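Each chain gets a letter, A, B and so on, in the order its sequence line appears, and its residues count up from 1. For the numbers below, each heavy atom of this structure counts, side chains included, while hydrogens, waters and symmetry mates do not. All values derive from a computational prediction rather than experimental measurement.
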There are 2 protein chains.
Amino acid sequence: MKKAKRTLKWQRDPEGMRIRILEAAKKEFAAHGLAGGRVDRIAAEAGANKRMLYYHVGNKEDLYLAVLEAAYEKIRVEERSLDLEHLAPSEAIARLIDFTWNYFIRNPEFLALLNTENVAKARNLKRSTKVKSMHSPFVEMIGTVVDRGVESGEFRVAMDPVQLYISIAGLCFFYLSNSATLSFVFGRDLLKKEAKTERLEHVIALVLAALTGRSPVTFMQAPELPAPHLV
Amino acid sequence: MKKAKRTLKWQRDPEGMRIRILEAAKKEFAAHGLAGGRVDRIAAEAGANKRMLYYHVGNKEDLYLAVLEAAYEKIRVEERSLDLEHLAPSEAIARLIDFTWNYFIRNPEFLALLNTENVAKARNLKRSTKVKSMHSPFVEMIGTVVDRGVESGEFRVAMDPVQLYISIAGLCFFYLSNSATLSFVFGRDLLKKEAKTERLEHVIALVLAALTGRSPVTFMQAPELPAPHLV
DNA sequence: ATACAAATTAACTCGTTGGATAAATACTCC
DNA sequence: GGAGTATTTATCCAACGAGTTAATTTGTAT
């Protein structure tokens with residue numbers, strides 16, 4: 001009977017509150033963009049008073065930037081945990097594609113946030129010194145893998161790592177990010193399980209065929225992957 | 001002296017007005033999204049009174065949808081004018097990629113509108129019966145080209161036309177649509193002339209290498225294209 | 001316990017913005 | 001040249017939504 005007086009109206013939890021706010025803000029901005037996002041909805045979703053957003057993070061723009069920064073932070077962390085060193089070049093590329101694909105699937109908000117930010121010409125992101133310093137390890141990883149592949153003769157040509165990275169990301173990103181309009185236009189659900197499986201196989205087959213020059217089994221059925229999904 | 005009284009306060013031009021409104025709306029929504037777009041700015045940009053928007057098109061949502069429909073209409077028209085029949089399969093694919101790439105470059109608003117619409121999960125597009133009936137001729141074109149390529153032995157494998165279409169679009173779209181954030185992250189301007197040239201060559205080389213299995217000259221310098229740009 | 005700071009709630013302000021109303025002006029047809 | 005309709009302008013307004021102010025409650029150190 002020492003602590004609980006009786007029915008406290010609320011309890012303190014600064015860290016928890018901040019996390020809940022950012023999580024709610026991520027959902028909101030991903031679903032509606034910066035302009036379409038509603039501060040009141042974020043507060044409600046976070047189970048907080050609106051004032052809390054300003055107290056713990058800042059105004060709407062600050063909130064949005066904090067979300068964006070956290071999103072970049074998160075993907076960079078996961079990227080770093082991907083170990084391609086001990087894999088054969090083709091395996092490494094397949095693994096990289098598999099990771100990218102599944103990261104996007106697991107984090108649809110990330111795609112939406114990037115879209116929003118690009119419509120805004122990265123206006124907000126440019127204010128972030130934090131993100132600027134977060135370099136993706138992928139470019140270097142890809143460079144190493146490609147070099148190894150060329151040296152061993154497994155790959156026919158040296159490809160610019162940045163171009164390859166953008167290509168891999170693009171092949172995954174576009175399909176998922178634009179699945180709503182594409183599904184509508186093609187009249188078929190691109191997000192159903194079989195469609196997604198097929199797409200991943202296509203992307204891997206396409207990139208590996210270009211790199212190795214060897215014909216993959218077929219572009220419909222790519223070679224099965226060793227232990228994909230989580231890194 | 002028959003027509004012009006003197007200093008008319010304004011002149012009628014319903015068709016012209018409607019066009020100016022839609023053009024202004026396209027710019028506005030492409031730059032700010034649906035939620036971020038301002039009806040007053042559209043009116044100002046169109047050199048019109050705000051009332052005109054409602055008189056000629058409808059409310060903000062109607063306006064947005066009209067812009068979206070016009071954008072799809074436009075690309076479909078241009079797509080249809082692309083003649084791949086008389087080209088060798090590899091040439092045809094290169095031509096297709098070149099067209100897609102340059103269409104996106106010439107119509108940055110189209111990319112932005114698609115992004116906005118996808119963030120909204122195609123909520124608005126779904127209301128359009130018009131767009132639903134506008135089928136892209138590319139899927140069929142690609143199917144024919146791929147078949148010809150496989151038959152002649154120029155291509156090694158049959159690829160699903162829809163997958164290939166999405167891949168080509170994705171390789172172009174992602175680079176351009178996300179150039180703002182990518183440029184920031186990589187610390188280099190992806191939109192400068194040389195970078196764009198390099199990218200187009202990379203995409204063509206990548207896709208053709210995957211299709212033909214033959215090594216392109218190099219992934220840095222793709223084979224020069226015969227009369228690209230406008231169809 | 002009590003004072004003090006940190007965390008949270010409640011209620012309010014106030015500019016913005018989509019949309020509406022009514023009046024004015026231009027064209028067309030008789 | 002005048003009636004009638006189509007097009008355009010000039011104002012207005014009610015709702016919404018970001019951000020603020022002030023009061024209230026909770027934890028903590030003295």
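Taking the six-membered ring where the residue is Trp, B:Tyr175 and B:Trp101 present tilted rings, their angle falling between 30° and 60°.
Between B:Met52 atom CE and C:dT25 atom C1' there is a gap of 12 Å when expressed in whole angstrom units. D:dG27 atom C1' lies 13 Å from atom CD of A:Glu15, rounded to whole Å. B:Leu53 places its CG atom 11 Å from the P atom of D:dT9, with the value rounded to the nearest Å. A straight line from CZ of A:Arg18 to C1' of C:dA6 spans 16 Å, rounded to a whole angstrom. In this structure, OH of A:Tyr55 is placed 16 Å from P of D:dT26, rounded to the nearest angstrom. Between B:Gln11 atom CD and D:dT8 atom C1' there is a gap of 12 Å when expressed in whole angstrom units.
Of the listed residues (A:Phe174, A:Phe173, A:Phe99), just one forms a ring-ring contact (aromatic ring centres under 6.0 Å, His included) with A:Phe104, and that residue is A:Phe173.
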(message) Counting primed atoms plus P, OP1 and OP2 as sugar-phosphate and everything else as base, spell out the protein contacts along nucleotides 15-25 of chain D at 4.0 Å heavy-atom distance: B, S or - for each nucleotide, 5' to 3'.
(response) --SBBBBB--B
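At the phosphate of C:dT8, OP1 or OP2 sits under 4.0 Å from a side-chain N or O atom of A:His56.
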(request) Could you walk me through whether A:Glu73 and A:Lys130 pass the salt bridge (charged side-chain N to carboxylate O under 4.0 Å, His left out) test, one step at a time? (result) CA-CA 9 Å; A:Glu73 174 70 26; A:Lys130 202 181 269 184; over 6 Å; no
(request) Assess whether salt bridge (charged side-chain N to carboxylate O under 4.0 Å, His left out) is satisfied between B:Arg106 and B:Glu78, documenting all intermediate values. (result) CA-CA 12 Å; B:Arg106 281 186 289 119; B:Glu78 292 208 23; 3.2 Å; yes
Got a list of side-chain donor-acceptor pairs under 3.5 Å for residues 47-58 of chain A, not counting sequence neighbours?
residue : atom : partner : partner atom : Å
A:Asn49 : OD1  : A:Arg51 : N            : 2.9

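The closest side-chain donor-acceptor pair between B:Ser128 and B:Glu69 falls under 3.5 angstrom.
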